[in-house]
**Student:** 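Please see the structure below; I have some questions.
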Amino acid sequence: MKTKTAYLSFNTNKKIEIIRITDQVSRVISDSGVKDGLVLVNPMHITAAVIVNDNESGLHDDYLKVLEKLVPYQSDYRHNDTGEDNAAAHIWRQLLGHQVVMPITNGKLDLGPWEQIFYFEFDGQRQKRVLVKVIGE
Ligand code: ZN
């Protein structure tokens with residue numbers, strides 16, 4: 001069995017940002033030499049999420065619109081009584097799910113025709129990391 005662990009780094013310009021990371025994840029898989037296996041992509045931060053969906057900017061705006069409607073970013077939250085201002089970012093990440101595991105076949109990400117991997121940052125403008133762990137043969 002082969003394994004490879006890599007860390008992608010991000011420091012977003014905006015507090016809330018959606019970044020397509022399919023190519024970076026594919027590069028780690030190529031470097032690993034794994035032909036058949038799995039890749040775990042974990043945002044490593046509790047105010048960010050990794051998801052798989054369509055690369056369509058309108059849809060990305062729709063996610064944010066729905067999240068804002070369900071859990072307004074600026075509101076009264078007990079977590080923000082600690083001096084932080086990111087309670088909604090924690091909850092948004094929880095609503096989207098936090099990490100993904102994707103298949104590797106013939107040495108490549110085995111994605112459906114419209115599937116892309118995204119890093120969703122909900123409390124950015126500081127250094128963040130995404131863990132990419134490949135296992136397989
Ligand atoms: Zn917090």
Side-chain angles (χ1 to χ4, degrees):
M1 189 183 75
K2 292 178 185 167
T3 68
K4 179 167 180 69
T5 302
Y7 300 89
L8 313 178
S9 294
F10 299 96
N11 195 342
T12 58
N13 293 322
K14 293 186 277 181
K15 198 140 178 121
I16 299 168
E17 209 163 309
I18 299 172
I19 301 167
R20 193 178 74 87
I21 59 171
T22 311
D23 297 342
Q24 291 98 313
V25 173
S26 292
R27 218 167 293 130
V28 176
I29 294 168
S30 295
D31 293 347
S32 75
V34 168
K35 300 296 175 208
D36 194 64
L38 297 169
V39 59
L40 169 83
V41 189
N42 179 323
M44 300 184 80
H45 296 276
I46 53 181
T47 55
V50 171
I51 74 150
V52 174
N53 214 307
D54 197 1
N55 187 23
E56 199 279 303
S57 61
L59 181 63
H60 297 171
D61 289 347
D62 292 339
Y63 288 129
L64 299 177
K65 190 174 164 187
V66 168
L67 289 167
E68 176 64 29
K69 199 173 195 175
L70 291 172
V71 182
Y73 206 92
Q74 302 297 335
S75 190
D76 286 337
Y77 298 104
R78 288 193 58 202
H79 180 63
N80 291 351
D81 294 343
T82 64
E84 294 203 54
D85 64 352
N86 63 2
H90 289 284
I91 297 167
W92 286 17
R93 165 256 186 43
Q94 216 56 47
L95 290 174
L96 288 186
H98 86 284
Q99 66 184 14
V100 297
V101 176
M102 298 301 289
I104 300 164
T105 307
N106 296 324
K108 291 186 183 328
L109 266 175
D110 201 350
L111 297 173
W114 298 102
E115 287 185 318
Q116 295 288 318
I117 306 173
F118 296 92
Y119 172 66
F120 277 37
E121 174 60 73
F122 298 136
D123 187 20
Q125 297 171 312
R126 46 192 165 142
Q127 193 63 36
K128 300 286 187 78
R129 292 190 306 164
V130 172
L131 169 73
V132 181
K133 185 173 284 284
V134 180
I135 59 169
E137 297 179 330

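Start at 1 and go down the list; that is how both ligands and their atoms are numbered. Just so you know, residue 1 is the first one in the sequence shown, and it goes up from there.
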**Student:** Side chains of H60 and N55, heavy atoms from C-beta outward: is any pair under 4.5 Å?
**Tutor:** yes
**Student:** Using only N, O or S atoms, tell me which atom of H90 is closest to the Zn ion (ligand 1).
**Tutor:** NE2
**Student:** Can you give me the closest heavy-atom contact between D123 and A89, atom names plus distance?
**Tutor:** CB-CB, 4.0 Å
**Student:** Is T82 close enough that one of its N/O/S atoms sits under 2.8 Å from the Zn ion (ligand 1)?
**Tutor:** no
**Student:** Would you say T22's side chain and I117's backbone share a donor-acceptor pair under 3.5 angstrom?
**Tutor:** yes
**Student:** Taking 2.8 Å as the cut-off, does E84 contribute an N, O or S atom near the Zn ion (ligand 1), distance below it?
**Tutor:** yes
**Student:** CH2 of W92 to CZ of F120: how many Å apart, nearest 0.5 Å?
**Tutor:** 10.5 Å
**Student:** For N/O/S atoms only: which one belongs to H79 and is nearest the Zn ion (ligand 1)?
**Tutor:** NE2
